[in-house]
Amino acid sequence: MAVDLLLGLQWGDEGKGKIVDVFTSKYDIIARFQGGPNAGHTLVFNGRKHVLHTIPSGIFHDNTVNLVGNGVVIDPVIFKKELDKLEEQNVDYKTSLYISRKAHIILPTHRLLDAASEASKGKAKIGSTLKGIGPTYMDKTGRNGIRVGDIELADWKEKYRALADKHEAMIDFYNVDIQYDLKELEADFFNAIETLKTLKFIDSEEYVHQAQQSGKTILAEGAQGSLLDIDFGTYPFVTSSNTTAAGACTGLGVAPNQIGDVFGIFKAYTTRVGSGPFPTELFDEDGETMGRVGHEFGATTGRPRRCGWLDLVALRYACQVNGVTQLIMMKGDVLSGFKTLKVCTAYKYKGETITHLPYNIEEENVTPIYTEVKGWSEDLTGMTEASQLPETFNDYVTFLEKELNIPITIVSVGPDRKQTIVRKTV
Ligand code: GDP
Ligand code: IMO
Ligand code: MG
């Protein structure tokens with residue numbers, strides 16, 4: 001069976017966790033392929049909210065295997081906290097949660113390096129979640145990292161010490177004021193490593209291959225969004241992994257010709273948390289309304305998310321890079337009450353009108369060109385059937401479908417599992 005992908009098309013927080021949870025009943029395996037605890041994936045069901053950072057969003061379903069793939073970076077301390085929360089809710093993860101031996105481990109000093117790097121950048125900081133993501137991927141590509149499989153080996157603590165000592169020297173080099181007690185951080189870290197060791201470590205690419213051979217259905221869950229991709233995002237204001245479809249191939253060991261559907265998720269508007277360009281960002285009452293009604297605060301850091309109109313130039317680019325086969329539009333309910341909605345369909349770029357994403361989308365180069373669309377006033381949050389959706393809402397969705405030339409098969413009208421409407425099947 002081919003592996004389906006589900007990924008974010010904007011700057012993250014599109015609602016991936018919710019839809020993975022909704023889709024899980026159709027899949028045998030849910031597999032995270034990149035990122036780490038910088039992600040915050042929110043699921044809401046039975047009146048309760050759950051936020052997952054590293055654990056795949058299928059974990060609340062019985063009979064589903066949840067795999068943390070080789071492309072993911074794991075902070076054992078945060079991972080343990082996630083496990084503790086699951087235990088409180090009597091979720092039996094011990095038999096259903098597998099971890100790739102090739103996944104890299106975030107050390108306490110990676111987190112400190114992240115903080116030192118950001119502090120040294122001053123105003124030019126990335127706005128990182130400070131979870132140690134960048135430094136860990138740097139050690140991975142620099143061939144210095146520690147992998148999950150290493151902690152099964154006798155001499156891994158020596159390797160750890162050498163790397164942590166090197167990191168301390170690097171932190172000194174930054175010459176910024178970072179206070180820390182490494183002994184205390186290490187006590188937590190090694191304690192969490194022991195918990196991690198109670199889980200099932202596997203050679204995940206082999207596992208995925210065998211699962212495919214035996215006809216198992218697999219959904220790969222992305223983290224972050226396409227515009228945060230290390231290659232295709234708004235560099236340097238990006239994360240340190242490939243968040244796009246190709247990342248699922250390298251992050252799980254799945255060949256490109258084994259990819260099936262690519263579900264692309266986007267919000268009916270746009271948000272971004274952290275620094276970096278955002279052409280359609282709003283600084284007025286409309287942006288404030290989106291943030292307030294949409295509860296736009298980061299699920300990992302609690303920071304307010306910047307809000308703005310939907311940007312089709314960026315969205316088209318994301319669909320293209322990912323080979324999106326079906327679109328899922330989230331948070332349409334948040335736009336209820338806007339008389340007019342604006343959608344950016346092109347950019348004015350250095351005096352020219354363009355419809356592709358240029359190299360540089362900094363404010364001084366790009367001015368969005370908007371098309372205005374009529375808004376809807378109805379409250380969508382109680383709707384469960386496509387037939388209930390107001391005409392103006394359908395017009396908005398149809399307009400986007402035409403612009404993007406990809407079907408929008410599902411619309412989400414609230415955070416709960418149940419607030420999910422299938423518009424069409426393809
Ligand atoms: P993810 O990182 O892509 O999984 O998304 P997040 O969980 O970080 O952010 C999405 C936020 O929107 C969460 O608070 C969700 O509970 C919420 N959410 C998801 N879908 C909808 C929706 O259709 N409407 C509303 N109002 N909220 C939604
Ligand atoms: P999910 O999976 C939104 C952003 C950070 C920062 C930049 C780099 O929940 O959609 P990093 O910690 O990776 O060094 O941060 O990327 N960022 C996210 N923004 N959602 C996320 O994940 C994000 N993960 C990282 O805010 O701008
Ligand atoms: Mg999130």
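In each ligand, atom 1 is the first atom listed, and ligand 1 is the first ligand listed. In this chain, numbering begins with 1 at the start of the sequence shown. Here the structure is a predicted model, which is why all the values come from computation and not from measurement.
- Looking at atom 12 (O) of ligand 2, its nearest protein heavy atom turns out to be Thr129 OG1, 2.5 Å.
- Looking from atom 22 (O) of ligand 2 to the surrounding protein, the closest heavy atom is Gln224 NE2, 3.4 Å.
- Checked against the Mg ion (ligand 3), the N, O or S atom of Asp13 at the shortest distance is OD1.
- Using a 3.5 Å distance cut-off with no hydrogens or angles, the side chains of Gln224 and Thr243 do not pair a donor with an acceptor.
- Proximity of Ala299 to ligand 2 is not established, as no heavy-atom distance is less than 4.0 Å.
- Counting heavy atoms under 4.0 Å from ligand 2, residue Trp11 touches it through the backbone alone.
- Gln212 and Tyr207 are not linked by any side-chain donor-acceptor pair at a separation below 3.5 angstrom, with hydrogens and angles left out of the test.
- The backbone N or O of Gly382 sits nowhere less than 3.5 Å from a side-chain atom of Asp379 that would complete a donor-acceptor pair.
- Taking the six-membered ring for Trp, Phe263 and Phe23 have ring centres closer than 6.0 Å.
- Every atom of ligand 1 with a heavy atom of Gly17 under 4.0 Å away is listed here by number and element: 4 (O).
- Of all atoms in ligand 1, listed by their number and element, those nearer than 4.0 Å to a heavy atom of Ser412 are 20 (N), 21 (C), 22 (C), 23 (O).
- Only the side chain of Leu228 comes within 4.0 Å of ligand 2, judged by heavy-atom distances.
- Atom 7 (C) of ligand 2 has its closest protein heavy atom at Val238 O, 3.9 Å.
- The heavy atom nearest to atom 9 (O) of ligand 1, out of those in Glu296, Glu14, Arg305, is found in Arg305.
- Taking any N or O of Gly332, backbone or side chain, none lies under 3.5 Å from an N or O belonging to ligand 1.
- Side chain to side chain, Lys18 and Ser412 meet the donor-acceptor criterion of an N or O pair below 3.5 Å.
- Heavy-atom contacts of Val334 reach the following atoms of ligand 1: 26 (N) (cutoff under 4.0 Å).
- Under 4.0 angstrom from ligand 2, there are no non-hydrogen atoms of Lys131.
- Residues Thr340 and Glu372 bring no donor and acceptor atom of their side chains to less than 3.5 Å of each other.
- Between Asn70 and Glu205, the side chains place no donor N or O within less than 3.5 Å of an acceptor N or O (distance only, hydrogens not considered).
- There is no side-chain donor-acceptor pair under 3.5 Å between Asn322 and Gln320.
- The protein heavy atom nearest to atom 10 (C) of ligand 1 is Asp13 O, 3.6 Å.
- Side chains of Asp4 and Tyr27: a donor on one and an acceptor on the other come within 3.5 Å.
- Annotation: Lys424, atom NZ; neighbour count of heavy atoms from other residues, nucleotides and ligands within 6.0 Å is above 12.
- Looking at Lys331, Gln224, Arg417, His41 and measuring to atom 11 (C) of ligand 1, the nearest heavy atom belongs to Lys331.
- Residues Asp261 and Leu5 are not in side-chain contact: their nearest non-hydrogen atoms beyond the backbone lie 4.5 Å or more apart.
- Taking all heavy atoms of Val51, Leu7, Val273, Thr301 into account, the minimum distance to atom 27 (O) of ligand 2 is reached by Val273.
- Contacts between Arg303 and ligand 2, counted as non-hydrogen atom pairs separated by less than 4.0 Å, involve the side chain only.
- Numbered from 1 in the order shown, with element, the atoms of ligand 2 that lie under 4.0 Å from a heavy atom of Ala39 read 1 (P), 2 (O), 9 (O), 22 (O).
- The nearest protein atom to atom 7 (O) of ligand 1, hydrogens excluded, is given as Thr42 OG1, 2.5 Å; this is a heavy-atom distance.
- Ring centers of Trp376 and Phe338: at least 6.0 Å apart, outside the cut-off.
- Atoms of ligand 2 found under 4.0 Å from any heavy atom of Ala223 (numbered from 1 in listed order, with element): 2 (O).
- Among protein heavy atoms, atom 20 (N) of ligand 2 sits closest to Asp13 OD1, 3.0 Å.
- Contact annotation: Lys18 has at least one heavy atom less than 4.0 Å from an atom of ligand 1.
- Between the side chains of Asn365 and Tyr347, not a single donor N or O lies within less than 3.5 Å of an accepting N or O.
- For the residues Gly40, Ala223, Ala299, the heavy atom positioned nearest atom 6 (P) of ligand 1 is part of Gly40.
- Not one N or O of Ser240 is nearer than 3.5 Å to an N or O of ligand 2, by distance alone.
- Annotation: atom 13 (O) of ligand 2 to nearest protein heavy atom, Thr239 OG1, 2.6 Å.
- Aromatic rings of His50 and Phe60 (six-membered ring for Trp) have centroids within the 6.0 Å cut-off, being under it.
- The Mg ion (ligand 3) lies under 2.8 Å from an N, O or S atom belonging to Gly40.
- Salt bridge annotation for Arg111-Asp75: present, with a cationic side-chain nitrogen under 4.0 angstrom from a carboxylate oxygen.
- On a distance-only criterion, Glu14 and ligand 2 share no N/O pair closer than 3.5 Å.
- Atoms of ligand 1 found under 4.0 Å from any heavy atom of Met330, numbered from 1 in the order shown, are 20 (N).
- The closest side-chain donor-acceptor pair between Arg272 and Thr234 falls under 3.5 angstrom.
- For Asp139 and His167, the side-chain atoms include at least one donor-acceptor pair closer than 3.5 Å.
- With 3.5 Å as the limit, one finds no donor-acceptor pair spanning the side chains of Lys402 and Thr398.
- Under a 4.0 angstrom heavy-atom cut-off, Gly414 registers as being in contact with ligand 1.
- Ligand 2 is approached by Gly127 to a heavy-atom distance shorter than 4.0 Å.
- No side-chain donor-acceptor contact under 3.5 Å links Gln10 and Ser226.
- For a threshold of 3.5 Å applied to N or O pairs, the pair formed by Ser128 and ligand 2 contains at least one separation below that value.
- By the 4.0 Å heavy-atom criterion, Lys16 is counted among the residues contacting ligand 2.
- Heavy atoms of Asp114 found under 4.0 angstrom from ligand 2: none, in either backbone or side chain.
- Residue Asp333 touches ligand 1 through its side chain alone, judged by heavy-atom distances below 4.0 Å.
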